[in-house]
Chemist: 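Questions regarding the structure given below will be posed in turn.
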Number of protein chains: 2
Amino acid sequence: MNKEEAKQQLIEELGVHFESEYSLPPLAARIFANLVITEEDGLTFEDCLTKQCASKSSVSTSLNLLLQMDFIKYFTKSGDRKRYFKIANKDAFFIGKLNAVLKKLEKELEMIKKVESYNIVHNPQKHEANKEKKKIYMKCVEDTKAIYRKAIEDLKNTQE
Amino acid sequence: MNKEEAKQQLIEELGVHFESEYSLPPLAARIFANLVITEEDGLTFEDCLTKQCASKSSVSTSLNLLLQMDFIKYFTKSGDRKRYFKIANKDAFFIGKLNAVLKKLEKELEMIKKVESYNIVHNPQKHEANKEKKKIYMKCVEDTKAIYRKAIEDLKNTQE
DNA sequence: CAGTTAGTTCGGAAATAAACAAACCAAAAG
DNA sequence: CTTTTGGTTTGTTTATTTCCGAACTAACTG
């Protein structure tokens, strides 16, 4: 398998992964995948257009979505009106991911607490029955959060 | 706020949460939310139908989806043709969730390794640049997995 | 066996999401 | 000032998802 083939295949695979992982529309996921694995330092609007065989408007929407989600950023070159898009920054890829998981865990905890509050008031016996399990689960979430926070710190300290 | 109001509001809120958290269709998410917070020991098909103001066919589809995803189970009462649906089991709710996260992390690792393999062959310099970050991220994922595995064990040992 | 109960299945309608084409705009170049 | 470049915006089309109604089935009931 040559490089171009390997690349295309990996983009498709990564694209599918990103769709579910980050709830991205298919085209945005593919564009992001392309930016993740490209060896170039930044791809232009046109690059994205031709590489994904998509329409201008769809590429525009997708790139703006990715920008707004902080998945990508762009830079310019003086004397060149094009924008060059690249993934937000080498760490952001991981940090963003870690933060996303953290946020989900926070939300999950919040929902569990709401259910708990409801049960304390309206279903005391049910609350008693689940107390121990909730405790284990919550500890697990807290431990995970600690690990993630540390990893984010570590990543930040790896700046080159 | 009375109990019924508090309950309805919580069901809606939990429902919205489950939609994104577990990628469930709206109706299935609401039915599951209802089963999570109900004080009854199991709700019938009809209960789900009337409480959600949905059609028979939609309730049927939703309940079967939830069954197939192992989110819920049912039991029967002798001399009663109805099925009583309830959440899969008190631990399964958490264990299932933890396992789902574990699976996602595994998949994530797998994708990262694929990108890494591609870079080793086709983009050695890029690979070198990201080596340290990948290492931190991977350690983080492994640590998380360990915590989750332990929590699952702990939950299993809490059987009443 | 005729009806009722507790659902399932199938075909389609309604809602939502994703992508597109075409018209548009602002900055730079000729 | 006209044209080209690098996009954006708007309105539509297409695809997919979600839900529903109506017809069906299998088990029980009288």
Side-chain angles (χ1 to χ4, degrees), chain A residues 11-12 14-35 40-69 71-86, chain B residues 11-12 14-35 40-69 71-86:
Chain A
I11 288 177
E12 291 307 316
L14 255 187
V16 170
H17 174 68
F18 289 149
E19 276 183 48
S20 55
E21 188 68 17
Y22 302 113
S23 335
L24 288 176
L27 181 58
R30 261 150 212 81
I31 291 177
F32 185 56
N34 209 318
L35 292 174
E40 315 278 338
D41 183 27
L43 293 179
T44 64
F45 188 99
E46 226 197 332
D47 291 336
C48 296
L49 195 142
T50 55
K51 295 200 184 191
Q52 302 305 322
C53 302
S55 71
K56 258 174 116 178
S57 52
S58 306
V59 170
S60 176
T61 313
S62 299
L63 285 173
N64 286 325
L65 174 67
L66 291 170
L67 279 171
Q68 177 222 312
M69 290 176 103
F71 278 42
I72 63 174
K73 63 180 178 184
Y74 65 86
F75 62 93
T76 49
K77 297 178 182 177
S78 69
D80 182 350
R81 206 134 64 83
K82 285 175 186 157
R83 293 192 281 179
Y84 290 77
F85 297 93
K86 59 189 299 193
Chain B
I11 287 176
E12 291 308 317
L14 257 187
V16 170
H17 174 67
F18 289 148
E19 276 182 48
S20 55
E21 187 68 19
Y22 301 112
S23 334
L24 287 176
L27 182 58
R30 260 146 212 82
I31 291 177
F32 184 57
N34 209 317
L35 292 174
E40 315 278 338
D41 183 28
L43 293 179
T44 64
F45 188 99
E46 227 196 333
D47 291 336
C48 297
L49 194 141
T50 55
K51 295 199 185 194
Q52 301 305 323
C53 302
S55 73
K56 259 174 113 178
S57 53
S58 306
V59 170
S60 175
T61 312
S62 300
L63 285 173
N64 285 325
L65 173 66
L66 292 170
L67 279 172
Q68 176 222 311
M69 292 176 102
F71 278 41
I72 64 174
K73 64 179 177 182
Y74 65 85
F75 62 92
T76 48
K77 297 178 181 178
S78 69
D80 182 350
R81 207 133 63 85
K82 284 175 186 155
R83 292 193 282 182
Y84 290 78
F85 297 93
K86 60 189 298 191

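Keep in mind that the numbers below use all heavy atoms, side chains included, and drop hydrogens, waters and symmetry copies. So that the names make sense, note that chain A is the first sequence line, chain B the second, and so on, each numbered from 1.
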Chemist: Can a donor-acceptor pair be found, under 3.5 Å and without considering hydrogens, that links the side chain of B:S60 to the backbone of B:K56?
Modeler: no

Chemist: Looking at A:E12, I'd like to know if its CD atom is crowded, meaning that more than 12 non-hydrogen atoms belonging to other residues, nucleotides or ligands lie closer than 6.0 Å.
Modeler: yes

Chemist: In whole Å, what is the span from the OH atom of A:Y74 to the C1' atom of D:dG7?
Modeler: 11 Å

Chemist: Grab the two heavy atoms, one from B:V59 and one from B:L49, that are nearest each other, plus how far apart they are.
Modeler: CG2-CA, 3.8 Å

Chemist: Between A:T44 and A:D47, do the side chains contain an N or O donor and an N or O acceptor separated by less than 3.5 Å?
Modeler: yes

Chemist: Whether B:R83 contacts C:dT8 is assessed here as follows: a side-chain N or O lying under 4.0 Å from the phosphate OP1 or OP2. Is that the case?
Modeler: yes

Chemist: Starting at atom CG of A:D80, determine the distance to atom C1' of D:dT5, rounded to an integer number of angstrom.
Modeler: 11 Å

Chemist: Where do B:Q52 and B:N34 come nearest, in terms of heavy atoms and distance?
Modeler: NE2-ND2, 2.8 Å

Chemist: To the nearest Å, give me how far apart OH (A:Y84) and C1' (D:dT5) are.
Modeler: 13 Å

Chemist: Separation of A:L63 atom CG from D:dT8 atom C1', in whole Å?
Modeler: 12 Å

Chemist: Whole angstroms only, please: what is the CG-P distance between A:L49 and D:dG7?
Modeler: 11 Å

Chemist: On a heavy-atom basis, which atom in B:A28 and which in B:L66 lie closest, and how many Å separate them?
Modeler: O-CD1, 3.7 Å

Chemist: B:F45 CZ to C:dT9 C1': how many Å, rounded?
Modeler: 12 Å

Chemist: Compare all side-chain heavy atoms of B:V16 with those of B:R30 and state whether any distance is below 4.5 angstrom.
Modeler: yes

Chemist: Which value, rounded to the nearest 0.5 Å, describes the distance between B:F85 atom CZ and B:E40 atom CD?
Modeler: 15.0 Å

Chemist: How does DNA chain C look in dot-bracket notation if pairs are Watson-Crick or G-U with both distances under 3.5 Å, crossing ones as [ ], other-strand ones as |?
Modeler: ||||||||||||||||||||||||||||||

Chemist: Are any non-hydrogen side-chain atoms of B:Y84 and B:T76 less than 4.5 angstrom apart?
Modeler: no

Chemist: When the distance from CG of A:L65 to P of D:dG7 is rounded to whole Å, what number comes out?
Modeler: 17 Å

Chemist: One character per nucleotide, please: for nucleotides 19-30 of chain D, 5' to 3', B when the base has a protein heavy atom closer than 4.0 Å, S when only the sugar-phosphate does, - otherwise.
Modeler: SBBB----BS--

Chemist: Rounding to an integer number of Å, can you tell me how far A:F85 CZ sits from D:dG6 C1'?
Modeler: 10 Å

